[in-house]
Amino acid sequence: MKIDSERLWCNLMKLGNIGRTEQGGVTRLSFTKQEKDAKAYLMKLMNQTDLAIHEDAMGNLYGRKEGIYKNEPVVLIGSHIDTVINGGIFDGAAGVLAGIEIVQTLKDQGITTKYPIEIVAFTDEEGTRFSSGMLGSRAVVGDLTLQELKQNSDYTGKTNAMVMKENGYNEKLIKNAKRSATEIKIISRASY
């Protein structure tokens, strides 16, 4: 089984054009138009791959492919799509798009896995906008507090909680983004 490297490269280049700067880098800060456009592109790819899509209370974007054992822990693959100022097109994005490509390859080959697979694009991992990174993944492990979201502010003076609210998220529900350790399967190579 082999991935379609041309398809993956094309997806990386298309995503890399969202937030492209004059210097040739990419700037996609969390809760901005650029991040929304990037998420919309990921959702398009996830739809094409027949993934069930949802966002959690922090804005982490998930695409799920069911396995034979639907109620078993998931194999979680992903990274982030936010960037530093004038960042590289592969940082974070490669992890998310590689996950989508893996699932697309499984679909193309007609392969059903034992366990469900979820692709995740974590929100605000770089921390560029609010000066405290890994917010999405910290919400998933239950290490992010409402107090922190109300204290962290961006270059305009808006707090993370305010910006979340402006974008349709309820910062008071971030505890709902937490995933139990029993929901995520840690696998060895032999478990495939």
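This is a predicted model, so every value here is computed, not measured.
When all heavy atoms of S79 and G92 are compared, the pair lying nearest together is CB-O, 3.1 Å. Minimum heavy-atom separation, M58 to D56: N-OD1, 2.9 Å. Summarising the geometry of P73 relative to P116, their closest heavy-atom pair is O-CD, 3.6 Å, with the distance given to 0.1 Å. Nearest heavy-atom pair across I18 and Q34 is CG2-O, 3.3 Å. Taking all atoms of both residues into account, the shortest heavy-atom contact from A38 to L15 is CB-CD1, 3.6 Å. For the residue pair T105 and D4, the shortest heavy atom distance occurs at OG1-N, 4.2 Å.
Contact check for M164 versus I174: side-chain heavy atoms found under the 4.5 Å cut-off. Contact check for V163 versus N160: no side-chain heavy atoms found under the 4.5 Å cut-off. Between I77 and I117, some side-chain heavy-atom pair lies under the 4.5 Å cut-off. Looking at D91 and H80, their side chains come closer than 4.5 Å, going by heavy atoms from C-beta outward.
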TODO: Would you please test I89 and M13 for side-chain contact (heavy atoms from CB on, under 4.5 Å) and show each step?
DONE: CA-CA 8 Å; I89 65 170; M13 293 303 107; 3.1 Å; yes
Task: Worked verdict on D37 versus R28 for side-chain contact (heavy atoms from CB on, under 4.5 Å) - done: CA-CA 9 Å; D37 291 349; R28 279 192 306 263; over 6 Å; no
- [ ] I would like to know whether K178 and V141 meet side-chain contact (heavy atoms from CB on, under 4.5 Å); could you show each step before the answer?
- [x] CA-CA 5 Å; K178 182 179 179 183; V141 298; over 6 Å; no
- [ ] Run the numbers on Y41 and N11 for side-chain contact (heavy atoms from CB on, under 4.5 Å), then give the verdict.
- [x] CA-CA 9 Å; Y41 181 66; N11 289 337; 2.9 Å; yes
- [ ] Go through the steps to decide whether T21 and N86 satisfy the test side-chain hydrogen bond (donor to acceptor under 3.5 Å, both in side chains), and finish with yes or no.
- [x] CA-CA 6 Å; T21 65; N86 203 34; 2.4 Å; yes
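Between the side chain of T123 and the backbone N or O of N60 there is at least one donor-acceptor pair closer than 3.5 Å. Side chain of D82 to main chain of E125: a donor-acceptor pair is present (N/O by atom type, distance under 3.5 Å, no hydrogens or angles). Not one N or O on the side chain of T128 forms a donor-acceptor pair closer than 3.5 Å with the backbone of L29.
Note that the CG atom of N152 and the CG atom of D124 stand 8.5 Å from one another [nearest 0.5 Å]. We find the OG-CG distance between S132 and L144 to be 7.5 Å, quoted to the nearest 0.5 Å. For the atom pair K114 NZ and I68 CD1, the distance stands at 8.0 Å (nearest 0.5 Å). Going from atom CG of L149 over to atom CD of Q151 covers 9.5 Å, rounded to the nearest 0.5 Å. The line from CD of E148 to OG1 of T159 is 12.0 Å long, rounded to the nearest 0.5 Å. The CD1 atom of I119 sits 11.5 Å away from the CD1 atom of I53 when rounded to the nearest 0.5 Å.
Under the 4.5 Å side-chain contact rule for hydrophobic residues, I111 and Y115 share a cluster. Both I102 and V96 belong to a single network of hydrophobic side chains, linked directly or stepwise wherever heavy atoms of I, L, V, M, F, W or Y lie under 4.5 Å apart. Under the 4.5 Å side-chain heavy-atom criterion for grouping Ile, Leu, Val, Met, Phe, Trp and Tyr, Y169 is not connected to L42 through any hydrophobic cluster. Using a 4.5 Å cut-off between side-chain heavy atoms of Ile, Leu, Val, Met, Phe, Trp and Tyr, with links allowed through other members, L173 and F31 fall into different hydrophobic clusters. In the hydrophobic cluster analysis, where Ile, Leu, Val, Met, Phe, Trp and Tyr join through side-chain heavy atoms closer than 4.5 angstrom, L8 is grouped together with M43.
The number of heavy-atom neighbours closer than 6.0 Å to CD of E6, taken from other residues, nucleotides and ligands shown, is 12 or below. Enclosure of atom NZ in K44 is not indicated, since only 12 or fewer non-hydrogen atoms of other residues, nucleotides or ligands lie within 6.0 angstrom. The environment of Y69 atom OH is sparse: at most 12 non-hydrogen atoms of other residues, nucleotides or ligands sit within 6.0 angstrom. Taking a 6.0 Å sphere around NZ of K158, one finds it holds 12 or fewer heavy atoms contributed by other residues, nucleotides or ligands.
In this structure, R179 is positioned above the aromatic face of Y62, its NZ or CZ under 6.0 Å from the six-membered ring centre and within 45° of the axis.
Residues S30 and E35 bring no donor and acceptor atom of their side chains to less than 3.5 Å of each other. Counting only N and O atoms by type, the side chains of T145 and Q147 include no donor and acceptor under 3.5 Å apart. Looking at E126 and T83, their side chains never bring a donor and an acceptor atom within 3.5 Å of each other.
We find that D154 and R129 are joined by a salt bridge, their nearest charged nitrogen and carboxylate oxygen being less than 4.0 Å apart. Checked for salt-bridge contact, E171 and K150 miss the test: no charged N lies under 4.0 Å from a carboxylate O. By the 4.0 Å N-to-carboxylate-O rule, R7 lies close enough to D108 to be salt-bridged with it. Between R64 and E118 there is a salt bridge, since a side-chain N of the basic residue sits under 4.0 Å from a carboxylate O of the acidic one. Between K65 and D50 there is no salt bridge, since no side-chain N of the basic residue sits under 4.0 Å from a carboxylate O of the acidic one. Salt-bridge formation is not detected for the pair K185/E72: no Lys NZ or Arg NE/NH1/NH2 atom is positioned less than 4.0 Å from an Asp or Glu carboxylate oxygen. Ion pairing between E66 and K70 fails under the 4.0 Å rule for side-chain N and carboxylate O.
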